[in-house]
Amino acid sequence: MKAFCLIGDHLRHFADSSSQRNFQPWFVPDDGEKWFALICPAVKINRLGTHIAPKFARRYYDDLSVACVFLPESAVGCMATADERYFVRDAAYCIGEAVSAAENDGRHVIDAVGQTINFSLESLNVDAKLAELSTFCTMKMGDIIIFADHAITLALVENFHLEASIDDKKSIDIRIK
């Protein structure tokens with residue numbers, strides 16, 4: 001499984017071991033930095049494809065989810081140029097439970113600790129981004145595309161309970177230790 005994080009025109013790729021399990025505790029690194037969670041929309045690829053035309057891209061994903069990307073304060077403001085080590089470290093991101101991308105007439109809401117993001121698949125430009133990604137790598141079932149341009153930023157402290165929902169369905173539930 002590949003996981004891509006799109007930030008503007010920049011692409012970041014997570015290591016295979018970078019996935020944090022949902023409903024499992026996340027431990028704040030003891031490196032002296034303040035850590036943040038970026039709560040972003042994400043889509044999950046449901047079939048194999050390469051060189052996908054934008055007009056057919058919608059056939060390659062059914063689910064919309066919430067992604068949580070864990071970054072230190074020094075990388076939050078400049079995620080596109082942040083040090084690669086933050087994207088290859090273990091537990092660098094978490095993918096939550098999914099909802100159907102076709103629900104709610106294409107309008108979706110992510111809520112995390114009282115903050116919300118309103119978006120649509122069109123505002124994320126999912127089809128064009130998927131088509132572009134598929135020109136240089138084969139998209140496989142289970143691959144994830146995270147849209148970090150639309151994010152809620154939350155400071156992480158020990159004993160914090162991070163919950164995020166999409167369209168009123170709980171998606172992410174992580175205790176920060």
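Because the structure is predicted, anything quoted here is derived from the model rather than measured.
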Looking only at heavy atoms, the pair that brings Val66 and Ala164 closest together is CG1-CB, 4.0 Å
Gap separating the CZ atom of Arg175 from the CZ atom of Phe23, nearest 0.5 angstrom = 12.0 Å
Residues passing the side chain to side chain donor-acceptor pair (under 3.5 Å) test with Asp30, sequence neighbours excluded, are none
How many angstroms lie between CZ in Arg12 and OG in Ser18, if you round to the nearest 0.5 Å?
-> 11.5 Å
What one should report as the nearest heavy-atom pair of Ala42 and Ile95 is CB-CD1, 4.4 Å
With sequence neighbours excluded, give me every salt bridge (Lys or Arg N to Asp or Glu O under 4.0 Å) pair touching residues 138-147.
-> Lys2-Asp143
OG/Ser165 to CD1/Ile172 distance, rounded to the nearest 0.5 angstrom?
-> 10.0 Å
Are the side chains of Leu124 and His150 in touch, meaning some heavy atoms are under 4.5 Å apart?
-> yes
Are the side chains of Leu130 and Ile45 in touch, meaning some heavy atoms are under 4.5 Å apart?
-> yes
Worked verdict on Leu6 versus Leu11 for side-chain contact (heavy atoms from CB on, under 4.5 Å) | CA-CA 5 Å; Leu6 301 174; Leu11 171 69; 3.4 Å; yes
His108 side chain to Asn118 backbone, donor-acceptor under 3.5 Å = no
Consider only side-chain heavy atoms of I, L, V, M, F, W and Y, link residues closer than 4.5 Å, and tell whether Met141 and Leu133 are in one cluster.
-> no
Residues, nucleotides or ligands: over 12 heavy atoms within 6.0 Å of Arg89 CZ | yes
Measure from the side-chain N and O atoms of Ser120 to the backbone N and O of Ser123, and report whether any donor-acceptor pair falls under 3.5 Å.
-> yes
Under 3.5 Å, side chain of Gln20 to main-chain N/O of Pro25, donor-acceptor pair present?
-> yes
Between Phe36 and Pro72, is any pair of side-chain heavy atoms under 4.5 Å apart?
-> no
Between Cys40 and Ala148, the two heavy atoms sitting closest are SG-CA, 3.8 Å
CG of Asp31: more than 12 outside heavy atoms within 6.0 angstrom?
-> yes
Set of ring-ring contact (aromatic ring centres under 6.0 Å, His included) partners for Phe14, sequence neighbours left out | Phe87, Tyr93
Any side-chain heavy-atom pair from Asn22 and Ile174 closer than 4.5 angstrom?
-> yes
Pick one: which of Ile146, Ile7, Thr153, Ile152 meets side chain to side chain contact (heavy atoms under 4.5 Å, CB included) with Leu38?
-> Thr153
By ring-ring contact (aromatic ring centres under 6.0 Å, His included), which residues pair with Phe147, not counting sequence neighbours?
-> none
Nearest heavy-atom contact between Leu162 and Ala37 is CD1-CB, 3.7 Å
Spacing of CG belonging to Asp167 relative to CZ belonging to Arg107, to within rounding of 0.5 Å | 10.5 Å
Below 4.0 angstrom, N of the basic side chain to O of the carboxylate: do Glu97 and Lys169 qualify?
-> no
Partners of Ser74 by side chain to side chain donor-acceptor pair (under 3.5 Å), sequence neighbours excluded?
-> Glu33
Show your working on side chain to side chain donor-acceptor pair (under 3.5 Å) between Asp173 and His161 and close with a plain yes or no.
-> CA-CA 7 Å; Asp173 188 346; His161 186 192; 2.4 Å; yes
Give the C-alpha distance, both sets of side-chain angles, the deciding distance and a yes or no for side chain to side chain donor-acceptor pair (under 3.5 Å) between Asp111 and Thr116.
-> CA-CA 4 Å; Asp111 180 32; Thr116 60; 5.7 Å; no
Count the heavy atoms belonging to other residues, nucleotides or ligands that lie under 6.0 Å from CZ of Arg47, then report whether that count exceeds 12.
-> yes
Minimum heavy-atom distance Ser17-Asp90, with the two atoms named | OG-OD1, 2.9 Å
Which side chain to side chain donor-acceptor pair (under 3.5 Å) pairs, counting each pair once, include a residue from residues 51-64, with sequence neighbours left out?
-> Asn46-Asp62, Tyr61-Asp127
Are Trp35 and Phe70 near enough that their ring centres are under 6.0 Å apart?
-> no
Report yes if some heavy atom in the side chain of Trp26 is under 4.5 Å from a heavy atom in the side chain of Leu156; otherwise report no.
-> yes
For the pair Lys34 and Val28, evaluate side-chain contact (heavy atoms from CB on, under 4.5 Å) and give the outcome as yes or no after the intermediate values.
-> CA-CA 9 Å; Lys34 189 171 185 178; Val28 177; over 6 Å; no
Is there side-chain contact between Ile39 and Ile110, with at least one heavy-atom pair below 4.5 Å?
-> yes
Is the number of heavy atoms from other residues, nucleotides or ligands under 6.0 Å of Asp9 CG greater than 12?
-> no
Derivation and outcome, side-chain contact (heavy atoms from CB on, under 4.5 Å), residues Ile166 and Val109 | CA-CA 6 Å; Ile166 184 164; Val109 176; over 6 Å; no
Does Ser65 reach the side chain of Ser171, with side-chain heavy atoms less than 4.5 Å apart?
-> yes
Among Ile145, Thr50, Leu48, find the one that has a side chain to side chain contact (heavy atoms under 4.5 Å, CB included) with Met139.
-> Ile145
Is Phe27 reachable from Val69 through a run of hydrophobic residues whose side-chain heavy atoms are each under 4.5 Å from the next?
-> no
